[in-house]
Enquirer: 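Below you will find the structure I want to go over with you.
Source: prediction; values computed, not measured. We count residues from 1, following the sequence as given.
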Amino acid sequence: MTSTNTGAIRLNPDRNLAMELVRATEAAAIRAYPFIGKGDKNAADGAAVDAMREFLGTVDFSGTIVIGEGEKDNAPMLFNGEVVGTGRGPACDIAVDPIDGTSLTGAGRQNALSVIAVSDRGTMLDASSVFYMNKIVAGVEGVGVLDIRQSIGDNIRALAKAKGKPVGEMSIAVLDRPRHEGLIDEIRSTGAGTRLLLDGDVAGGINAARYESRIDMCVGIGGSPEGIVTACAIKALGGFIQTTLAPKDEAEAARGIAAGLKMDYVYTADELVSSDNTFFVATGVTDGALVEGVRRKGPIIRTDSIILRGKSGTIRRVQADYLAERWI
């Protein structure tokens, strides 16, 4: 441990950091609230970005953004490589998504989240040069059972056996995209059911790993940033995740290789995030199975959040009431 005239410098994120980070996701969710169902996803995202960045600037840490809003949406802030926080405290890698599910927010649909994930500095895979990943996520029953290189049918049957339930009762989450038409047909041909996600596969992956969830597995191609964020949560849930990069073309694959990424390679949770000292913090923007959305209740605004800590395997739920007059 080193110290300066600003006080002791902690080398690694500690448990108090999560309670500071949740203030930033709460702020982003509250600022997005007026735009829910109004059809303007960009306005919702812009308000959330501004609020998250402002609150992150007050947190005692030095967070280097590895997965940022600016990289994904060409935003002028919260971009890859930006350093946020006061500079006092632990050095961290940080992934931010002020709204995972901007389209959901604009349309007033479920499962939009404000998300931050954190790990020790230098431990989070920078996969920003390849935008998409193929993923398979499940609970602890999937460890040593599932393999992304197997057919989806073999994986469903193997997981059903491990969970002790009929294949016909299995529920598989997958993003509802044209690229997944064949995958959806394969899932249904096994007798399993699908949960088609309009957006937001972070929530889908986490729900697949939660023991009380109705979703057994989350599969398919989604954003690489969301894969890294999900891995931080899986560290706390003790679940299973494997991914392979899915470049759109040869040029993107070449950029990924130049950045040190491996094509045709299975990334495990420990390779996506090499530290167990992880935090995943999410606040609901709209209602979902993971958390409730922001609610206005008379003079207060209520938020619902979840905090997952990899080092201790702890799941905490945080409900906060804010005086609405302070946010209008």
Side-chain angles (χ1 to χ4, degrees), residues 22-56 65 67-79 95-117 128 131-133 173-180 194-207 215 218 220-230 280-297 301-306 320 322 324 327-328:
V22 77
R23 294 168 57 240
T25 56
E26 288 170 352
I30 290 171
R31 288 302 187 198
Y33 174 72
F35 301 97
I36 294 173
K38 302 296 178 60
D40 192 345
K41 67 176 186 178
N42 291 329
D45 196 43
V49 169
D50 289 344
M52 179 174 283
R53 190 174 189 274
E54 179 181 355
F55 271 77
L56 283 175
I65 295 179
I67 297 167
E69 180 74 2
E71 185 76 13
K72 184 180 70 172
D73 294 330
N74 298 316
M77 58 183 67
L78 296 181
F79 52 84
V96 300
D97 200 343
I99 303 181
D100 178 42
T102 53
S103 296
L104 300 177
T105 303
R109 295 191 175 108
Q110 291 190 337
N111 290 317
L113 302 170
S114 179
V115 174
I116 295 174
S128 58
F131 190 76
Y132 287 110
M133 280 179 174
V174 58
L175 284 170
D176 190 6
R177 300 287 188 273
R179 64 178 177 265
H180 288 149
T194 55
R195 290 288 184 93
L196 299 184
L197 308 174
L198 294 172
D199 209 343
D201 65 342
V202 170
I206 294 171
N207 280 325
I215 294 175
C218 185
I221 295 173
S224 295
E226 288 82 358
I228 308 300
V229 169
T230 301
F280 171 90
V281 179
T283 300
V285 178
T286 60
D287 286 345
L290 189 62
V291 284
E292 292 184 347
V294 179
R295 298 172 185 270
R296 175 73 183 266
K297 293 179 174 288
I301 297 173
R302 177 167 295 170
T303 60
D304 187 34
S305 305
I306 188 169
Y322 289 85
W327 291 83
I328 295 174

Enquirer: Quick one: closest heavy-atom pair of Thr102 and Lys41, and the distance?
Expert: O-CB, 3.3 Å
Enquirer: Please round to the nearest 0.5 Å and tell me the distance separating atom CG of Leu113 and atom OG1 of Thr286.
Expert: 7.5 Å
Enquirer: Checking Thr303 side chain against Val294 main chain: does a donor-acceptor pair fall under 3.5 Å?
Expert: no
Enquirer: Which heavy-atom pair separates Ala112 from Leu104 by the least distance, and what is that distance?
Expert: N-CD1, 4.0 Å
Enquirer: I need the minimum non-hydrogen distance between Gly222 and Leu175, along with the two atoms involved.
Expert: CA-CD1, 4.1 Å
Enquirer: Evaluate the criterion side-chain contact (heavy atoms from CB on, under 4.5 Å) for residue pair Ile67 and Glu226; output intermediate values, then yes/no.
Expert: CA-CA 9 Å; Ile67 297 167; Glu226 288 82 358; over 6 Å; no
Enquirer: Determine the minimum heavy-atom distance between Asn207 and Ala289, stating which atoms define it.
Expert: ND2-CB, 3.8 Å
Enquirer: Just checking, any donor-acceptor pair under 3.5 angstrom between side chains of Ser114 and Thr25?
Expert: no
Enquirer: Stepwise, does the salt bridge (Lys or Arg N to Asp or Glu O under 4.0 Å) test hold for Arg295 with Asp287?
Expert: CA-CA 9 Å; Arg295 298 172 185 270; Asp287 286 345; 3.0 Å; yes
Enquirer: Between Asp40 (side chain only) and Ala43 (backbone N and O only), is there a donor and an acceptor less than 3.5 Å apart?
Expert: yes
Enquirer: Checking His180 side chain against Val174 main chain: does a donor-acceptor pair fall under 3.5 Å?
Expert: no
Enquirer: Look up atom CG in Asp201 and atom CZ in Arg177, then write down how far apart they are to the nearest 0.5 Å.
Expert: 8.5 Å
Enquirer: If we ignore hydrogens and angles and just use 3.5 Å, is the side chain of Thr283 paired with the main-chain N or O of Asp304 as donor and acceptor?
Expert: no
Enquirer: Give the table of side-chain donor-acceptor pairs shorter than 3.5 Å for residues 26-33, with sequence neighbours excluded, one pair per line with atom names and distance.
Expert:
from  : atom 1 : to     : atom 2 : distance (Å)
Glu26 : OE1    : Tyr322 : OH     : 2.2
Arg31 : NH1    : Trp327 : O      : 2.9

Enquirer: Between Gly108 and Ile36, which heavy-atom pair has the shortest distance, and what is it?
Expert: CA-CG2, 3.9 Å
Enquirer: In a check of side-chain contact (heavy atoms from CB on, under 4.5 Å) between Val202 and each of Asp97, Val229, Asn111, which one passes?
Expert: Val229
Enquirer: Should Arg109 and Asp199 count as an ion pair when the cut-off is N to O under 4.0 Å?
Expert: no
Enquirer: Taking the side chain as every heavy atom from C-beta outward, state whether Val115 and Val96 have any pair of such atoms under 4.5 Å apart.
Expert: no
Enquirer: Could you please spell out the steps behind the side-chain contact (heavy atoms from CB on, under 4.5 Å) verdict for Thr230 and Phe280?
Expert: CA-CA 8 Å; Thr230 301; Phe280 171 90; over 6 Å; no
Enquirer: Looking at Met133 and Ser224, what are the two nearest heavy atoms and their distance?
Expert: CG-OG, 3.3 Å
Enquirer: Could you please spell out the steps behind the side-chain contact (heavy atoms from CB on, under 4.5 Å) verdict for Met52 and Leu78?
Expert: CA-CA 9 Å; Met52 179 174 283; Leu78 296 181; 4.3 Å; yes
Enquirer: To the nearest 0.5 Å, tell me how far Ile206 CD1 sits from Cys218 SG.
Expert: 10.0 Å
Enquirer: Please report the C-alpha distance between Ile65 and Phe79 in whole Å, then the side-chain angles of each, then the deciding distance to 0.1 Å, and finally whether the side-chain contact (heavy atoms from CB on, under 4.5 Å) criterion is met.
Expert: CA-CA 7 Å; Ile65 295 179; Phe79 52 84; over 6 Å; no
